[in-house]
Amino acid sequence: MDRGLVSNPKDLERMQQELVSLDRRIAALEDEELEVMERLEAAQAERARLTARLAEIDARTAELTESRDVKAGDTEREISAATEERKVVASGVPDDLMALYERVRAQKGGVGAAALRQRQCTGCSLQLNAGDLGAISKASPDEVLRCEECNRILVRTPESGV
Ligand SMILES: [Zn+2]
């Protein structure tokens with residue numbers, strides 16, 4: 001009866017070689033496992049780093065979005081206050097002067113009038129000569145003055161220098 005004992009020396013030798021081969025294979029697989037574990041650890045560390053970075057970016061985005069919304073609200077309030085103020089000021093301006101202003105404004109990139117400050121048109125920076133300043137100083141306060149250079153309505157102020 002066969003009890004599982006190997007009595008043939010050739011079989012024994014073959015089995016021993018198989019054992020050595022299996023040991024080598026096990027050692028190789030263990031090395032591979034170690035390498036895979038190291039790569040896994042590195043990948044997990046990278047994932048953790050990227051997750052943290054993503055959270056930072058999300059927080060910064062939320063911060064900037066809130067800031068943008070606040071500024072947009074401020075700007076809207078400023079625009080509506082300026083629009084209201086413009087209505088009040090425009091209601092005191094005669095119709096023909098308002099029409100002239102609107103015409104010049106359309107031609108001059110949204111600025112139809114400029115203050116005369118220190119003998120200079122603040123619309124185009126033209127320095128007025130003595131002759132022009134003399135004419136301006138003699139002009140009636142109701143007279144509508146225009147800048148010779150940029151054609152804007154020239155507004156006299158206490159700092160006009162005339
Ligand atoms: Zn000018």
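Atoms within a ligand are numbered from 1 in the order they appear, just like the ligands themselves. All values below come from the heavy atoms of this structure, side chains included, with hydrogens, waters and symmetry mates left out.
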**Item:** K87/E84 ion pair, N-O < 4.0 Å
**Value:** yes
**Message:** I need the full list of side chain to side chain donor-acceptor pair (under 3.5 Å) pairs touching residues 48-58, with sequence neighbours left out, sorted by first then second residue.
**Reply:** E46-R49, R53-E56
**Fill in**
Excluding water, the protein N, O or S atoms sitting under 2.8 Å from the Zn ion (ligand 1) are C121 SG, C124 SG, C147 SG, C150 SG
**Working for side chain to side chain contact (heavy atoms under 4.5 Å, CB included), residues L145 and L116** = CA-CA 10 Å; L145 305 172; L116 176 62; 6.0 Å; no
**Prompt:** Which residue pairs satisfy the side chain to side chain donor-acceptor pair (under 3.5 Å) criterion with at least one member in residues 94-103, sequence neighbours excluded?
**Reply:** R86-E102, E102-R105
**Prompt:** Applying side chain to side chain donor-acceptor pair (under 3.5 Å), which residue pairs with at least one partner in residues 139-151 are found, sequence neighbours left out?
**Reply:** R146-N151
**Asked** Just wondering, do L100 and L97 contact through their side chains at under 4.5 Å, heavy atoms?
**Response** yes
